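Comments concern the structure below.
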Amino acid sequence: MAASAASGRASRSAAKKRTAGQSGSLVERKLRHLGLHEPSDFIVHLPLRYEDETHISSIASLRPGAAGQVEGEVIRSEVQFRPRRQLHAILEDDSGQLVLRWLNFYPSQQKQVEAGKRIRVRGEVRSGFGGYEMVHPKVSAAGTALPEALTPVYPTTDGLSQLSLRKAIDNALGAADLSDTLPDALCKRYGLIPFADAIRVLHHPPANVSYADLIERGHPAWVRIKFDELLAQQLSLAAARAARRKQKACALDAVPGGLVQALRRSLPFSLTAAQERVIADISSDLGRTFPMHRLLQGDVGSGKTIVAAFAAAQAVSSGCQVAIMAPTEILAEQHFHKLESWLKPLGVHTVWLAGSLSAKQRKAALDAAASGQAQLVVGTTALIQEKVAFAKLGLVILDEQHRFGVGQRLELSRKGEGLQDGQALIPHQLNMSATPIPRTLAMTFFADLDVSAIDELPPGRSPVLTKLIADSRRDEVLSSVMAEVRQGRQAYWVCPLVEESEALQLQTAVDTHARLASALPDMRVGLVHGKLATAEKQQIMHDFRAGLVDLLVATTVIEVGVDVPNASLMIIEHAERFGLAQLHQLRGRVGRGDRQSICVLMYQTPLSAIARQRLRALYETADGFEIAQRDLDLRGPGEFLGVRQSGQELLRFASLETDIRIAEQAREAVNELRAHYPRHAHAHLRRWMRDKQDFLRT
Ligand code: ADP
Ligand code: MG
């Protein structure tokens, strides 16, 4: 930080030279760069942290790693050339000496620390060769008055000093409207202090405020700001939801005695109660005249595909087309086969669209989609390419939706936009996800969506037996693979994740395949990874499904959705490198048949206590939501929010890890505010969300 203060100073004086007298405009540009335009922007540009400049310490009491402020006399000052050019000074007080160093410096700085001068310096203390030192400390004249309060340190940008920023913010504080956007009743109920007080305290903490409360953001001023921010987020989600209800969509009523009933009759299994429930949720959504926007969560293997088939059947039976998009070609193809096997006998025309099609096949698929002849189109992101058009797209379904960006989802939906009586028609949207999102996160982050969960697995699945085995016992693992295959079953061998390099990851997969093939000579060992050509990938997956391959060596390409019920054993190498949710997904590839399946988590010794604790979560529970909660506790919410990559940016001050309780209060307050205090709600959104509404258009 001392360094950035120095560079701030340097560029300030450089800027002065460049713009000769109109440095204000440079500062203004920098401020705009930070998104600071109007007084209302400045007042909520809150300090990152605070510096305690309220007292002077003795040099002897300084500790490395901590910031300190001392005063003394410069007893030596010189420009040194070894090991590199630098300004080097020694400061002395009654208690000891401190080295001061500048690697870049201006003549003015050199003058400031000439021998014999009494100065005050502030900076971070480090252990150097010549004892304790400060590099690029902040220098001022000794003996000047000390501030009485903590000094705020604001988030800034290159070339904008804390001093200029502080001045600009102080000006804004005088000019801005600090009136409260919350009704008194609400503040009372949640024990919130007035907005104006909170803002003033945070910019200018009074002398008696606890440093810890400010830094850890537990001070009532911070609580108020976090509440405001979370409330604004909830308000805008609620507004987005309300806006969606004003949009128009085709009502896709299920025709009695039609396709949906036929599908139900033709199923080889009976649906679980949870499947029935979400199918009913979706069915009633589809019958409405505003677009559905539903998130369907269901653990791996819970049977989401058939739910998608029911939604598709309803749309098709009321004369609309359906598009289903999956993130990988393997997965999309598998969906295609499955859906076709269910729906083709009922007369539904399904086509497949992916990058790997030949030009001729592709043209046929595009024509079928554009003419409306294809009622169901299944594919990868090839679906959102420009040339793809639909005659009447009424429903879009995204599988593993968190793998797609906001833009991709929007693009697919746009393919279905049309006009009816002069009003835009928006297709219904079903998002499916096997990454269970902890309830609290789901409620806060997806408040604009309807959420359904399949919380039950199809009957007859015995839970996968999970074992933790050290890498050194590889031989035992190999024999269990042999035993399994001898009984006519199949196995997956998942290669270690190599995050640093894709090339290395690929190499590992190739090596692993070679080693296993030679260690298990009687076995048909296949290899699938992300770099294979699509046709090869399809071939190998086809062979595995058909039982022509016994052991499939794979990278995490098999993570999502692959469904081969005869596979009953999974080995995961270097399990400690994977996230829990990811391991849970992988494990979900087995346990799909009626026989006992096993998942072996191999780990490299030594395994740290924390790593062991993480892996233990996997053999302690098979419940994806529970595992997700533990992953949340261990790794924070980032993992789960792929769906709203930008959503997190909506929160600058509150954190979903520590402020769940505040988030819940804010959620509670939203409806009341919208119903009874619309003017407050409006003002609140304007204060907090002026430029950010775009994030919510997903
Ligand atoms: P996921 O939710 O992970 O996408 P799938 O839709 O791939 O799960 O379903 C997993 C397997 O379970 C598939 O083979 C599917 O046909 C089967 N399945 C789905 N629902 C049921 C059910 N109610 N009874 C029996 N098997 C089912
Ligand atoms: Mg699936």
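Atoms within each ligand, like the ligands themselves, are counted from 1 in listed order. Heavy atoms only: backbone and side chains are in, while hydrogens, waters and symmetry mates are out. Since the model is a prediction, treat every value here as computed from it, not as a measurement.
Ligand 1 places these atoms under 4.0 Å from at least one heavy atom of Ser270: 22 (C), 23 (N), 24 (N). Listed by atom number, the atoms of ligand 1 under 4.0 Å from Thr272 heavy atoms are 23 (N). Those atoms of ligand 1 with a heavy atom of Asp299 less than 4.0 angstrom away are 2 (O). Below 4.0 Å from some heavy atom of Pro458 lie the following atoms of ligand 1, by number and element: 20 (N), 21 (C), 22 (C), 24 (N), 25 (C), 26 (N), 27 (C). For ligand 1, the atoms sitting less than 4.0 Å from at least one non-hydrogen atom of Thr305 are 4 (O), 5 (P), 6 (O), 7 (O), numbered in the order shown with element in parentheses.
Ligand 1 lies less than 4.0 angstrom from a heavy atom belonging to Lys338.
Distances from atom 3 (O) of ligand 1 to the heavy atoms of Ala274, Gly301, Pro565, Ser433 put Gly301 nearest.
Ion pairing between Arg264 and Glu276 holds under the 4.0 Å rule for side-chain N and carboxylate O. Salt-bridge annotation for Arg244 and Asp450: absent, with no side-chain N of the basic residue lying under 4.0 Å from a carboxylate O of the acidic one. A salt bridge is defined here as a Lys NZ or Arg NE, NH1 or NH2 lying under 4.0 Å from an Asp or Glu carboxylate O, and Asp281 with Arg277 fails to meet this definition.
Residues Phe310 and Val278 have side chains not in contact (no heavy-atom distance under 4.5 Å, counting atoms from C-beta outward).
Looking only at atom types and distance, the side chain of Glu576 has a donor-acceptor partner in the side chain of His574 under 3.5 Å away.
Rounding to the nearest 0.5 angstrom, the gap separating the CG atom in Leu296 from the OG atom in Ser302 is 7.0 Å. From Gln275, atom CD reaches atom NZ of Lys304 across 10.0 Å, with rounding to the nearest 0.5 Å.
When heavy-atom distances to ligand 1 are checked against a 4.0 Å cut-off, Leu271 comes that close only through its backbone atoms N, CA, C and O. Contact annotation: for Gln275 versus ligand 1, heavy atoms closer than 4.0 Å belong to the side chain alone.
On a distance-only criterion, Gly303 and ligand 1 share at least one N/O pair closer than 3.5 Å.
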